Amino acid sequence: MNNYYEQIKKANRIVIKVGTSTLTHKSGKLNLRRMDQLAMTLSDMKNQGKEIVLVTSGAITAGVTKMGLKERPREIRLSQAAASVGQCELMFIYDKLFAQYGHIVSQILLTKEITEDEKFRQNIINAFETLLEHKVIPIINENDSVAIDEIVYGDNDMLSAVTASLLKADLLVILTDIDGLYDSNPQENIDARFIPVVEKIDESIEAVAGDSLSGVGTGGMITKINAARVAVESGVHVIIANGEHPEKLYDMLDGKPVGTIFAAKIQND
Ligand code: GLU
């Protein structure tokens, strides 16, 4: 078997996706300690010389809470409004936290329509490359205030995979509320076995990827597997890991096993 841990240790351009369940408490309010640990760890990775891109969820939930709405709205225009409020809140906190560790962040909001259009796609790449050259940490989310119906990704797992492949990243890390992939649901089956490495995403892998039990985000394990497939096919290694302790990313860069690795199918230069 290839030494994926060594390859991951050397990854230079890293996209990290963090889900709503990692960023918010059950109350819907932001989990500030978690966000602070994340900002510190990513800042430190940046200090080591890595290029970091963060794909964040949490805008709709943060907006719903801030506006005092009772639940995640079904009405699309209310959800658009909540995203608009929550995105502001998220970036305000990220800007503050990353600044505390000496780093500059920027915001890029994408839609499927934009990433699928050839001209727009080149524009996005130019913006990202320029930001990374200037040592900025770009923070991405879907533009939930405008992205509805057929132009919507709907889950940031796929958005993060598309971003990682556009940027020819070495590694995509999807942080979620479970340690990685198991051969059955560990919350229902105590004999569930952890799968540390997936070399090929085939039907047997899809079959074990039942929905994770997170109530606040939009994606279950299957959306992560679909995203992983897009990334590995364009030469990006993927790790699905638990976001509860973002400092575990240090272990990953020390070449230690963290989460489930999905091996890139082809190798980028
Ligand atoms: N873009 C959505 C938000 O920021 C999250 C989508 C997802 O949960 O993957 O609220």
Side-chain angles (χ1 to χ4, degrees), residues 1-11 13-22 53 55 57 112 115-116 142 150 152-214 217-244 248-249 251-253 255-269:
M1 191 167 69
N2 283 321
N3 193 344
Y4 298 120
Y5 298 113
E6 270 310 301
Q7 293 174 23
I8 280 159
K9 197 171 156 182
K10 289 196 209 116
R13 181 168 287 189
I14 307 174
V15 176
I16 288 123
K17 184 259 168 178
V18 52
T20 303
S21 61
T22 301
V53 175
V55 178
S57 300
K112 194 170 179 186
T115 54
E116 284 181 353
E142 180 148 27
E150 66 279 0
V152 78
Y153 275 108
D155 72 83
N156 278 6
D157 297 318
M158 190 53 85
L159 178 65
S160 68
V162 170
T163 304
S165 67
L166 274 182
L167 293 179
K168 296 192 176 15
D170 303 303
L171 175 65
L172 165 65
V173 183
I174 298 180
L175 293 177
T176 182
D177 52 5
I178 187 163
D179 292 340
L181 188 64
Y182 287 83
D183 65 356
S184 61
N185 187 338
Q187 267 126 330
E188 286 167 6
N189 178 7
I190 50 162
D191 295 324
R193 277 191 311 140
F194 188 69
I195 305 175
V197 177
V198 174
E199 294 199 293
K200 188 167 185 283
I201 302 175
D202 55 19
E203 284 130 31
S204 69
I205 294 298
E206 283 165 10
V208 298
D211 272 0
S212 73
L213 297 177
S214 163
T218 51
M221 190 50 85
I222 196 69
T223 71
K224 292 172 180 51
I225 301 292
N226 289 337
R229 182 184 298 104
V230 167
V232 298
E233 278 179 7
S234 50
V236 183
H237 285 310
V238 177
I239 292 184
I240 297 179
N242 202 324
E244 199 181 339
K248 286 240 169 114
L249 292 172
D251 289 346
M252 182 187 86
L253 294 183
K256 294 184 193 144
V258 173
T260 299
I261 297 178
F262 296 78
K265 227 175 176 176
I266 48 163
Q267 301 291 312
N268 281 325
D269 300 330

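This one's a predicted model, so the numbers in the text were calculated from it and none came from an experiment.
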Considering all heavy atoms of both residues, which atom of [X] and which atom of [Y] are nearest to each other, and what is their separation?
{"X": "Val55", "Y": "Val15", "answer": "CG2-CG1, 3.8 Å"}
{"X": "Ile174", "Y": "Ala227", "answer": "CD1-CB, 4.4 Å"}
{"X": "Gly259", "Y": "Ile239", "answer": "CA-CG2, 4.4 Å"}
{"X": "Ala231", "Y": "Leu172", "answer": "CB-CD2, 4.1 Å"}
{"X": "Ser184", "Y": "Asn189", "answer": "OG-ND2, 2.8 Å"}
{"X": "Lys224", "Y": "Ile240", "answer": "CB-CD1, 3.7 Å"}

Any residue meeting salt bridge (Lys or Arg N to Asp or Glu O under 4.0 Å) with [X], in chain and number order, not counting sequence neighbours:
{"X": "Asp179", "answer": "none"}
{"X": "Arg13", "answer": "Glu51, Glu129"}
{"X": "Glu233", "answer": "Lys265"}
{"X": "Glu203", "answer": "none"}

- All pairs passing ring-ring contact (aromatic ring centres under 6.0 Å, His included) where residues 159-190 contributes a residue, at least two apart: Tyr182-Phe194
- Task: Any chance you could lay out the side-chain contact (heavy atoms from CB on, under 4.5 Å) test for Val197 and Glu199, step after step, and finish with the verdict?
- Result: CA-CA 6 Å; Val197 177; Glu199 294 199 293; 4.0 Å; yes
Under 3.5 Å donor-acceptor, [X] side chain and [Y] backbone:
{"X": "Thr22", "Y": "Val18", "value": "no"}
{"X": "His237", "Y": "Ala264", "value": "yes"}
{"X": "Thr176", "Y": "Asn242", "value": "no"}
{"X": "Asp155", "Y": "Met158", "value": "yes"}
{"X": "Thr260", "Y": "Leu181", "value": "yes"}

- Worked check of side-chain contact (heavy atoms from CB on, under 4.5 Å) between Leu253 and Ile14: CA-CA 11 Å; Leu253 294 183; Ile14 307 174; 4.1 Å; yes
By side-chain contact (heavy atoms from CB on, under 4.5 Å) - contacts of [X] (at least two apart):
{"X": "Asp202", "value": "Lys200, Ser204, Ile205"}
{"X": "Lys256", "value": "Asp251, Asp254"}
{"X": "Glu116", "value": "Lys112"}
{"X": "Val232", "value": "Ile201, Val238, Phe262"}

- Could you go through the side-chain contact (heavy atoms from CB on, under 4.5 Å) check for Val53 and Leu167 one step at a time? CA-CA 10 Å; Val53 175; Leu167 293 179; 3.9 Å; yes
- Task: Any chance you could measure Glu206, atom CD, to Ile222, atom CD1, to the nearest 0.5 Å?
- Result: 5.5 Å
- Looking at NZ of Lys10 and CD1 of Ile8, how far apart are the two atoms once the value is rounded to the nearest 0.5 Å? 11.5 Å
Is any side-chain heavy atom of [Y] closer than 4.5 Å to one of [X]?
{"X": "Tyr5", "Y": "Pro196", "answer": "yes"}
{"X": "Leu171", "Y": "Met252", "answer": "yes"}
{"X": "Val236", "Y": "Asp170", "answer": "no"}

- Message: Once side-chain hydrogen bond (donor to acceptor under 3.5 Å, both in side chains) is applied, do any residues pair with Ser57, and if so which ones, sequence neighbours excluded?
- Response: Asn156
- Residues at least two apart in sequence or cross-chain that pass side-chain hydrogen bond (donor to acceptor under 3.5 Å, both in side chains) with Thr115, listed by chain then number, are Tyr153
- Going through the distances and angles, do Lys17 and Val173 end up as a side-chain contact (heavy atoms from CB on, under 4.5 Å)? CA-CA 6 Å; Lys17 184 259 168 178; Val173 183; over 6 Å; no
